[in-house]
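Written out below as structure tokens is the structure these notes cover.
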Amino acid sequence: QVQLEESGGGLVQAGGSLRLSCAASGRTISGYAMGWLRQAPGKEREFVAAISYGGSSTFYADSVKGRFTISRDNAKDTVYLQMNSLKPEDTAVYYCAMDGRRWGGIPKYRDEFDYWGQGTQVTVSS
């Protein structure tokens, strides 16, 4: 069973940047697409970004396109989310997730992910 642990969240002013990390244990991330999702208070969990198992393809929600960048280091079993030009509406708990299909396509929807971390809080003040 894979465990995913997020880190790097915190409080930042609008326009600032944060870099989230997700460390996997129990299973290598090699061969598995990975992603980030978020959940704001009172809202459903929503897709943010995903990266293919090899790292060559990425996909973003329209709301973060051009501001967020997802990347991965398979040797370190770690996935990153670089968040720039943060806005108050980016405030949420951010979750790292793994698509359980090995060598599968890049996921684009929340329900395509099978394993989740506990989340890390990101708060953007105006």
Side-chain angles (χ1 to χ4, degrees):
Q1 185 78 0
V2 63
Q3 289 83 43
L4 303 172
E5 184 173 0
E6 304 91 340
S7 61
L11 173 64
V12 63
Q13 288 189 332
S17 298
L18 281 175
R19 188 193 196 204
L20 305 183
S21 298
C22 169
S25 59
R27 178 192 291 183
T28 178
I29 66 170
S30 180
Y32 297 95
M34 301 292 294
W36 289 92
L37 298 93
R38 67 187 181 187
Q39 187 167 16
K43 296 187 177 181
E44 291 190 352
R45 194 170 299 186
E46 65 174 3
F47 173 89
V48 173
I51 187 166
S52 61
Y53 62 81
S56 60
S57 297
T58 56
F59 184 74
Y60 297 93
D62 288 343
S63 58
V64 306
K65 201 172 296 182
R67 300 187 298 120
F68 290 13
T69 302
I70 187 171
S71 61
R72 64 191 295 157
D73 185 336
N74 286 346
K76 295 182 178 180
D77 286 326
T78 301
V79 182
Y80 306 97
L81 185 68
Q82 177 67 44
M83 305 186 294
N84 298 329
S85 303
L86 282 161
K87 305 175 181 180
E89 50 263 44
D90 293 319
T91 294
V93 177
Y94 283 72
Y95 297 90
C96 175
M98 172 185 280
D99 180 343
R101 302 170 297 159
R102 199 161 198 197
W103 316 121
I106 187 168
K108 298 180 180 178
Y109 303 98
R110 179 190 64 191
D111 293 343
E112 293 184 88
F113 294 94
D114 301 291
Y115 304 99
W116 302 80
Q118 294 299 306
T120 185
Q121 176 70 46
V122 172
T123 303
V124 184
S125 63
S126 56

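- Panel note: side chain Arg67, backbone Ser85; a donor-acceptor pair is recorded below 3.5 Å.
- Between Glu46 and Arg110, no side-chain nitrogen of the basic residue sits less than 4.0 Å from a carboxylate oxygen of the acidic one, so the salt-bridge criterion is not met.
- Taken together through direct or relayed side-chain contacts under 4.5 Å among Ile, Leu, Val, Met, Phe, Trp and Tyr, Leu86 and Leu37 form parts of separate hydrophobic clusters.
- The aromatic rings of Tyr95 and Trp116 lie perpendicular to each other, with more than 60° between the two planes, well past the 30° mark.
- Cluster membership for Tyr60 and Phe113, using ILVMFWY side-chain heavy atoms within less than 4.5 angstrom, is not shared.
- Formation of a donor-acceptor pair under 3.5 Å by the Arg102 side chain with backbone atoms of Ser30 is found in this model.
- For the atom pair Asp77 CG and Arg27 CZ, the distance stands at 11.0 Å (nearest 0.5 Å).
- Note on Ile70: it clusters hydrophobically with Val64, by side-chain heavy-atom contacts below 4.5 Å among ILVMFWY residues.
- Cluster membership for Tyr80 and Leu20, using ILVMFWY side-chain heavy atoms within less than 4.5 angstrom, is not shared.
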Inset, instruction - Give the intermediate values and the outcome of side-chain contact (heavy atoms from CB on, under 4.5 Å) for residues Tyr32 and Val2. - result: CA-CA 11 Å; Tyr32 297 95; Val2 63; over 6 Å; no
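- Formation of a donor-acceptor pair under 3.5 Å by the Glu6 side chain with backbone atoms of Gln118 is found in this model.
- For residues 9-23, the side-chain hydrogen bond (donor to acceptor under 3.5 Å, both in side chains) pairs, not counting sequence neighbours, are Ser17-Asn84.
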Inset, instruction - Please step through side-chain contact (heavy atoms from CB on, under 4.5 Å) for the pair Gln121 and Thr91, ending with a clear verdict. - result: CA-CA 8 Å; Gln121 176 70 46; Thr91 294; 4.0 Å; yes
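- Remark: of the listed residues Gln3, Glu5, Gln1, Gln3 is the sole one forming a side-chain contact (heavy atoms from CB on, under 4.5 Å) with Ser25.
- The two residues Ser126 and Ala14 make their nearest non-hydrogen contact at CA-CB, 4.4 Å.
- Under the 4.5 Å side-chain contact rule for hydrophobic residues, Ile106 and Leu81 do not share a cluster.
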Inset, instruction - Please lay out, stage by stage, how Met34 and Leu4 fare under the test side-chain contact (heavy atoms from CB on, under 4.5 Å). - result: CA-CA 11 Å; Met34 301 292 294; Leu4 303 172; 4.0 Å; yes
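- A salt bridge links Asp62 with Lys65: the closest approach of a Lys/Arg side-chain nitrogen to an acidic carboxylate oxygen falls below 4.0 angstrom.
- The distance from the CG atom of Leu18 to the CG atom of Leu11 is 9.0 Å, given to the nearest 0.5 Å.
- Panel note: side chain Thr120, backbone Ser7; no donor-acceptor pair is recorded below 3.5 Å.
- Atom-to-atom distance recorded for Gln39:CD and Glu44:CD is 8.0 Å, nearest 0.5 angstrom.
- Between Tyr53 and Trp103, the ring planes lie perpendicular to each other; the angle is over 60°, past the 30° to 60° tilted range.
- To the nearest 0.5 Å, the span separating NZ on Lys108 from CZ on Phe59 amounts to 5.0 Å.
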